[in-house]
2 protein chains.
Amino acid sequence: MPESLQSEPTAEAVDPRILRSRRMLMEALGSLLNRKEFEDISVQEIVDEATLNRATFYLHYPDKNALLQAMTAARFRDLIARRGLSFTDCDGALRAIALGVCDYLAETTGCPSQLAKMPLEGSIIPVVEVVFQEGAAHHPAPPDVDQALLGTTAAWAIFGAARRWLQTPGRVSAEEMAAKIEEMVKPIFLSASH
Amino acid sequence: MPESLQSEPTAEAVDPRILRSRRMLMEALGSLLNRKEFEDISVQEIVDEATLNRATFYLHYPDKNALLQAMTAARFRDLIARRGLSFTDCDGALRAIALGVCDYLAETTGCPSQLAKMPLEGSIIPVVEVVFQEGAAHHPAPPDVDQALLGTTAAWAIFGAARRWLQTPGRVSAEEMAAKIEEMVKPIFLSASH
DNA sequence: ATGCTTAATCGACACTTGTCGATTTATTTT
DNA sequence: AAAATAAATCGACAAGTGTCGATTAAGCAT
């Protein structure tokens, strides 16, 4: 069971109807979120907006939280891709990632909804982890340290910090915050080499 | 609207019926979680187990997720309190916190349910933050660094690392993991002093 | 073009959710 | 002890949820 669109560029062909349905559901939810709170949106409303049947929804997602999560992951992946953030150009990349998370959060919560809730962790953090994963592959050589663990820990730290920043009343600029996050998180990766 | 029991030792008196209802609801949920998945438990089942009316449930929690969160926070707070973990005895405390999180996760997910899901972030992380907060108060002096931000970032990092450890197949001991976490997270606090 | 496979649709189902007003019961105040 | 306050109960409600079997229609293979 494939779980997200627009990954795996050369993967095996996927039925275009599946892509279409998922895309329309995401667009429908995105559109509705401009008008009302996530909690106040029913599956029926989503499929109406998407001009799909309600049963089709459940063919793709177990519930509306899963759709929100998939949509968030897709959008954030998109933002990362647009900025060309791979960890291959290694320095400054950490700050760029942090800035991406801050920007994304600020952007999607500038809407009427205060989306700084839970379902986002499950979608943004894994994307950040993947970026670190790719970066680790391009890195010199992992002696004995668990690169994946470092990536996970850093991803959570970044998200937690960005989330706190977002819900701070008189917050500083995203760029400033990204610099702070970089300072805090960078040593995590250095901790491996004592 | 008070949100949790067993805090504020000398606070204004709370109606004993409120404490009783919330305690019974938490115990009921805890008991049911030994038998079935959280998703498969309805509010009706919870109040049946607690011998309370369903309307009473909604008098205290907006939904069952809120109850799970409150229960988790209470249990984790309890574990922290039992171990006497305040950050006042500053060194080694970070590892002790990490160990507490690992132990708690391993303990509550040893049950049939794989509770390493989302609602836990919302309950464990804040508790860890509070511990850091108290520790910061007993600390020398915050020059210009945002102690709260450091605490939040560290709390998320700890939880993320512990969570990953938990769902690792051939995982190392909790003590070993706590040591690793300490190593990774400690520099976060030192990052402030360049 | 024809059939095979699988996604999308439809209507219906039992169940859960969250809320309400009205009543009863427990606790605190005076 | 009696009155005032607030929590717990009850029944009922409209709405939403997740699932099902049966049908239609779109995409893919040969």
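Basis for what follows: all heavy atoms, side chains included, without hydrogens, waters or symmetry-related copies. So that the names make sense, note that chain A is the first sequence line, chain B the second, and so on, each numbered from 1.
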For the side chain of B/W165 and the backbone of B/V172, is there at least one donor-acceptor N/O pair under 3.5 Å apart? yes

What is the distance, rounded to the nearest whole Å, between atom [atom1] of [X] and atom [atom2] of [N]?
X	N	atom1	atom2	result
B/L67	C/dG18	CG	P	12 Å
A/E45	D/dT17	CD	C1'	14 Å
B/N65	C/dT16	CG	C1'	14 Å
A/D15	C/dC4	CG	P	19 Å
A/L59	C/dC10	CG	P	14 Å
B/Q44	D/dT17	CD	C1'	17 Å
A/L19	D/dG27	CG	P	12 Å
A/F57	C/dA7	CZ	P	17 Å

Need to verify one output field. Residue with the more 5' nearest nucleotide on DNA chain D, B/R54 or B/R20?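 Mapping each residue to its closest nucleotide by heavy atoms, the 5'-most match is B/R20.
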
Could you check B/K186, B/K180, B/M184 and say which one makes a side chain to side chain contact (heavy atoms under 4.5 Å, CB included) with B/E182?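 The passing option is B/K186.
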
Phosphate oxygens OP1/OP2 of [N]: is one of them under 4.0 Å from a side-chain N or O of [X]?
X	N	value
A/N53	C/dC10	yes
A/Y58	D/dT19	no
A/S21	C/dA7	no

Side-chain heavy-atom pair A/Y58, A/V43 within 4.5 angstrom cut-off: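 Contact flag for A/Y58/A/V43 side chains = yes.
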
Nearest-nucleotide pick for [X], side chain only, options being [options]:
X	options	result
A/L52	C/dT9, D/dA12, D/dC10	C/dT9
B/V43	D/dT17, C/dT17, D/dC20	C/dT17
A/I18	C/dT19, C/dA7, D/dA8	C/dA7
A/A55	D/dC20, D/dA12, D/dA7	D/dC20

Which is more 5' along DNA chain C, the nucleotide nearest A/H60 or the one nearest B/D63? Just name the residue.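 The residue mapped nearer the 5' terminus is A/H60.
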
Would you classify B/S42 as touching base, sugar-phosphate or nothing, given that sugar-phosphate means primed atoms plus P, OP1 and OP2, and contacts are heavy atoms under 4.0 Å?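 Contact class for B/S42: sugar-phosphate only.
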
What about A/R17, does its side chain sit under 3.5 Å from the base of C/dA8 through a donor-acceptor pair?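 By the distance-only test, no, there is no pair.
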
Side chains of B/N65 and B/Q69, donor plus acceptor under 3.5 Å: no

Hey, could you give me the CG/OG1 distance between A/D48 and A/T51, rounded to the nearest 0.5 Å? 9.5 Å

